[in-house]
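Note that the structure is predicted; figures quoted are calculated from it, not measured.
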Amino acid sequence: MNYRSLLCSVLMIIPFIAIAQQKDSTIKVDEHYITLSEVVINQKLDIASFIKRVKEDTSFYKAFKNLRIVNYTSINDIRMLDKKGRTEGSLKSKTRQTIKDHCRQMEVLEQKSTGDFFDSRQNYNYYTATMYAQLFFTKGKICGENNIVGNREFDVSGLSGMEKHKGQLKMLFFNPGKRIKGLPFISNKTAIFDKSMADDYDMRIDFDDDIDTYIFSVKVKPGRENQVVVREMTTWFDAKTFEVTSRNYTLKYDAGVYDFDVDMKVKMSRVNDLLVPSLITYNGNWKVMFKKRERGLFTATLFDIHY
């Protein structure tokens, strides 16, 4: 091997040697052990302050509330499946929300349904679809809404039946990882930062230099699955604003009278000074007492967002 070939070989393996020499570190914050990647260590990030921001974050919930005050077009794809994965009912539509004089209205531009998605009165046959409609569809004119995040505590006390169940679904969507009042059997199993759950999770902070984003990941430890609701959650935080820019999470639990197994992915976009969800995907199934099991997939793609 000549000198030039030897030099090229050395230069090629140097990056791999550097990667191999990278070292993670683990610190303890409020009884939780958190692994830090080397790049995070080198940035001298104040970990305690970062975790406090994560615990107190409202940007994820506020992004959904921002949808109440902006114009946008949405492509909606909802499919309900049987136990063999075959489509029982579906809805594909294109809708446009418009804001005028502090009121919002929705226009259906295109729509096609199949199977038993609707009943004979054009009501939804599935509570998964009903929940989707409450989040993304508007009937008539709705006025006087705002995007203010007030009390961050979600509470379904005072509700009953399907309204209570839909409230529980919303709580799990908007507040994954936080304690939720009024959620039977599992309210103490959703708060991933509680000291009582310190032994249930592996936590890690990374940094993506390409998009200037901190990545906080939480994953249940092997053997602790039955103790928790949030099985896995990865959140991307803007390094400058610490707002949530994306989140993927898996929620799973069997409480006897109901059970669920849900995967959610939410990607945000910025419109001027507002953060709004631009892509939401859902894959999951639910079973509640006196209702048949529902297996559903949905994707909401939002664009042409402006105000």
Side-chain angles (χ1 to χ4, degrees), residues 60-61 63-68 70-99 104-140 142 162 165-166 168-170 172-174 176 233-234 236 244-252 260-271 275-288 291-306:
F60 188 71
Y61 176 41
F64 282 90
K65 293 202 71 172
N66 287 338
L67 291 179
R68 299 179 180 183
V70 297
N71 303 278
Y72 68 87
T73 302
S74 177
I75 302 294
N76 314 285
D77 186 347
I78 311 172
R79 286 173 285 163
M80 306 307 302
L81 312 176
D82 64 17
K83 61 183 179 180
K84 293 185 177 180
R86 298 172 298 197
T87 300
E88 291 183 317
S90 70
L91 174 71
K92 291 187 177 181
S93 69
K94 183 177 181 180
T95 57
R96 178 186 294 132
Q97 175 175 283
T98 55
I99 306 293
R104 62 187 175 102
Q105 288 182 291
M106 192 193 76
E107 177 186 5
V108 179
L109 305 177
E110 302 171 13
Q111 179 169 299
K112 180 181 180 181
S113 64
T114 67
D116 64 349
F117 194 85
F118 293 106
D119 64 18
S120 59
R121 296 183 178 182
Q122 288 299 293
N123 296 316
Y124 299 107
N125 262 326
Y126 300 91
Y127 53 82
T128 302
T130 302
M131 182 199 65
Y132 184 98
Q134 286 194 336
L135 292 177
F136 300 108
F137 295 158
T138 301
K139 285 187 176 181
I142 299 178
M162 188 53 63
H165 181 57
K166 287 184 288 189
Q168 292 166 350
L169 291 177
K170 289 182 181 180
L172 289 172
F173 282 4
F174 294 136
M233 182 166 64
T234 303
W236 287 259
V244 174
T245 59
S246 292
R247 173 171 281 160
N248 300 342
Y249 49 105
T250 299
L251 310 171
K252 185 175 182 179
F260 52 85
D261 185 353
V262 171
D263 287 309
M264 288 277 294
K265 295 182 180 179
V266 180
K267 182 176 177 58
M268 304 292 183
S269 294
R270 181 167 292 283
V271 179
L275 198 68
V276 292
S278 55
L279 179 64
I280 304 101
T281 62
Y282 164 102
N283 182 352
N285 69 72
W286 291 78
K287 176 67 176 74
V288 297
K291 297 286 185 178
K292 71 175 184 177
R293 181 172 297 280
E294 291 194 2
R295 302 169 181 86
L297 308 171
F298 71 64
T299 302
T301 306
L302 283 61
F303 59 98
D304 190 23
I305 306 170
H306 60 280

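In terms of heavy atoms, Arg121 sits closest to Asp119 at N-OD1, 2.8 Å. Here the closest non-hydrogen pair linking Asn66 and Val276 is CB-CG1, 3.7 Å. Shortest non-hydrogen contact noted between Val266 and Pro277 is CG1-CB, 4.2 Å. Gln105 and Gly140 make their closest contact through CG-O, 3.7 Å (heavy atoms, listed as atom of the first residue, atom of the second, distance). Across all non-hydrogen atoms, the minimal contact from Leu81 to Glu88 is O-OE1, 3.6 Å.
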- Message: Is there a side chain to side chain contact (heavy atoms under 4.5 Å, CB included) between Gln111 and Leu91? Walk through the geometry before answering.
- Response: CA-CA 7 Å; Gln111 179 169 299; Leu91 174 71; 3.5 Å; yes

- Is there a side chain to side chain contact (heavy atoms under 4.5 Å, CB included) between Arg295 and Lys83 once you walk through the steps? CA-CA 8 Å; Arg295 302 169 181 86; Lys83 61 183 179 180; 3.6 Å; yes

- Item | Pair Ser93-Glu110, side chain to side chain donor-acceptor pair (under 3.5 Å): steps then yes or no | CA-CA 5 Å; Ser93 69; Glu110 302 171 13; over 6 Å; no

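Checked against Ile280 for a side chain to side chain contact (heavy atoms under 4.5 Å, CB included), the options Thr301, Leu135, Thr299, Leu302 give a single hit: Leu302. Residue Met131 is tested with Trp286, Tyr126, Phe298, Tyr124 for a side chain to side chain contact (heavy atoms under 4.5 Å, CB included); the sole match is Phe298.
Ser278 places a side-chain N or O within donor-acceptor distance of the main-chain N or O of Lys267, the cut-off being under 3.5 Å. Remark: the backbone N or O of Val108 is not paired with any side-chain donor or acceptor of Thr95 at under 3.5 angstrom. Looking only at distances, a side-chain donor or acceptor of Asn125 sits under 3.5 Å from a matching main-chain atom of Asp116. Side chain of Gln97 to backbone of Leu67: a donor-acceptor contact under 3.5 angstrom is found.
To the nearest 0.5 Å, atom NZ of residue Lys252 and atom CG of residue Asp261 are 4.5 Å apart. Met264 CE to Asn248 CG: the interatomic distance, rounded to the nearest 0.5 Å, is 10.0 Å. In this structure, the separation between OG on Ser90 and NZ on Lys112 is 8.0 Å, given to the nearest 0.5 Å. Rounding to the nearest 0.5 angstrom, the gap separating the CD1 atom in Ile78 from the CG atom in Asn76 is 6.0 Å. Taking NE2 of His306 as the start and OG1 of Thr73 as the end, the distance is 8.0 Å to the nearest 0.5 Å. Distance OG1/Thr114 to CZ/Arg79: 10.0 Å, rounded to 0.5 Å.
For Arg293, the side chain to side chain donor-acceptor pair (under 3.5 Å) test picks out Asp259, Asn285, with sequence neighbours left out.
Side-chain rings of Phe303 and Tyr72 stay apart, their centers remaining 6.0 Å or farther from each other. Taking the six-membered ring where the residue is Trp, the centroids of Tyr132 and Tyr282 are separated by 6.0 Å or more.
A heavy-atom distance below 4.5 Å is found between the side chains of Arg68 and Arg104.
Between Phe64 and Phe136, the two ring planes are tilted [angle within 30° to 60°].
Dense packing is recorded around CZ of Arg247, with more than 12 heavy atoms of other residues, nucleotides or ligands lying under 6.0 Å away. Atom NZ of Lys287 sits in a crowded spot, with more than 12 heavy atoms from other residues, nucleotides or ligands closer than 6.0 Å.
Using a 4.0 Å cut-off between a side-chain N of Lys or Arg and a carboxylate O of Asp or Glu, Lys265 and Asp263 do not qualify as a salt bridge.
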